[in-house]
Amino acid sequence: MNAAAKVINQGTLFNGQLADMHMSKSLYMLIILLVAVLVSALAVVYSTNSYRVTLSKVEQQEQLTHYLQLQWGQLLLEQASLATPARVEELAAEKLQMVLPTSTNTYWLQAQQ
C-alpha cells in the first residue's frame with residue numbers, strides 16, 4: 001500500500017473507531033441548536049410563502065369586487081334609461097298601438113252625495 005492508503009486505513013473514520021467515540025454534551029447541544037435553527041428557517045420560508053399566496057388571493061378578490069361594483073353601476077344606469085316615461089310611451093305606441101285618450105274618450109265621474 002502506498003502512504004496515503006496507510007493513513008486512511010489507520011484513521012479513526014475508517015477502522016470502526018467512529019462508533020466508539022463519545023460526543024460531549026456541548027456537541028449534542030450544538031447539533032440540537034443547529035437543527036432548531038434550520039427548522040425555524042424553514043418555518044419562516046413557509047409562512048412567508050403562505051402570506052404571499054393569501055395576499056395574492058385577497059388582491060384578486062378585491063379586483064373582482066371592484067369589477068362587479070362597476071358592472072352593477074352600469075346596470076343601474078341602463079335600467080334607469082330603459083324605464084324613462086318617454087321610452088315607455090314610445091314602446092306602448094309602437095308595440096301595443098296605444099294612444100293617449102282624447103277629450104271625447106275621457107269621462108269624468110262625480111261622487112254622489
Side-chain angles (χ1 to χ4, degrees):
M1 277 199 269
N2 62 14
K6 284 183 185 179
V7 170
I8 291 174
N9 195 21
Q10 292 174 355
T12 59
L13 295 177
F14 295 101
N15 61 8
Q17 293 179 3
L18 179 64
D20 295 335
M21 293 176 56
H22 295 289
M23 292 193 285
S24 66
K25 288 184 181 182
S26 63
L27 187 56
Y28 280 125
M29 289 301 293
L30 181 64
I31 291 172
I32 290 172
L33 288 175
L34 181 63
V35 169
V37 167
L38 289 175
V39 167
S40 66
L42 289 175
V44 167
V45 169
Y46 175 77
S47 64
T48 302
N49 185 47
S50 176
Y51 171 76
R52 287 180 181 162
V53 168
T54 306
L55 183 64
S56 174
K57 288 179 183 177
V58 167
E59 288 175 351
Q60 287 175 352
Q61 292 300 317
E62 286 177 350
Q63 288 177 354
L64 179 62
T65 301
H66 178 70
Y67 172 75
L68 291 175
Q69 285 177 346
L70 183 66
Q71 191 175 12
W72 176 251
Q74 289 174 348
L75 288 173
L76 287 177
L77 285 173
E78 184 178 349
Q79 181 184 18
S81 68
L82 291 176
T84 58
R87 185 170 188 284
V88 171
E89 184 179 344
E90 179 185 341
L91 288 174
E94 287 178 5
K95 292 188 177 183
L96 301 174
Q97 288 80 32
M98 297 176 80
V99 293
L100 289 172
T102 60
S103 60
T104 58
N105 294 339
T106 305
Y107 300 101
W108 291 95
L109 300 176
Q110 295 182 351
Q112 292 180 351
Q113 295 182 357

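Any value given below was found using the heavy atoms of this structure, including those in side chains, with hydrogens, waters and symmetry copies removed. Throughout, residue positions are numbered sequentially from 1 according to the sequence presented.
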Step-by-step side-chain contact (heavy atoms from CB on, under 4.5 Å) determination, Asn49 to Val53: CA-CA 6 Å; Asn49 185 47; Val53 168; 4.2 Å; yes
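Remark: Thr84 OG1 to Leu82 CG distance equals 8.0 Å, nearest 0.5 Å. Here the OG atom belonging to Ser24 is positioned 11.0 Å from the CE atom belonging to Met29, to the nearest 0.5 angstrom. Here CG of Leu27 is found 13.5 Å from NZ of Lys25. Values are rounded to the nearest 0.5 Å. Note: Glu62 CD to Gln60 CD = 11.0 Å, rounded to the nearest 0.5 Å. Separation of atoms CD (Gln79) and CD (Gln74) is listed at 14.0 Å; rounding is to 0.5 Å. In this structure, CD on Glu90 lies 14.5 Å from CE on Met98, to the nearest 0.5 angstrom.
Contact record, Glu94 with Gln97: O-NE2, 3.3 Å, taken as the closest heavy-atom pair.
With a 4.5 Å cut-off on side-chain heavy atoms, Leu64 and Leu68 count as touching. Here the side chains of Val58 and Gln61 are not in contact, with every heavy-atom distance at 4.5 Å or above.
A donor-acceptor pair is defined here as one N or O able to donate and one able to accept, closer than 3.5 Å; such a pair exists between the side chain of Thr48 and the backbone of Val44. Using a distance-only test at 3.5 Å, with no hydrogens or angles considered, a donor-acceptor pair links the side chain of Ser40 to the main chain of Ala36.
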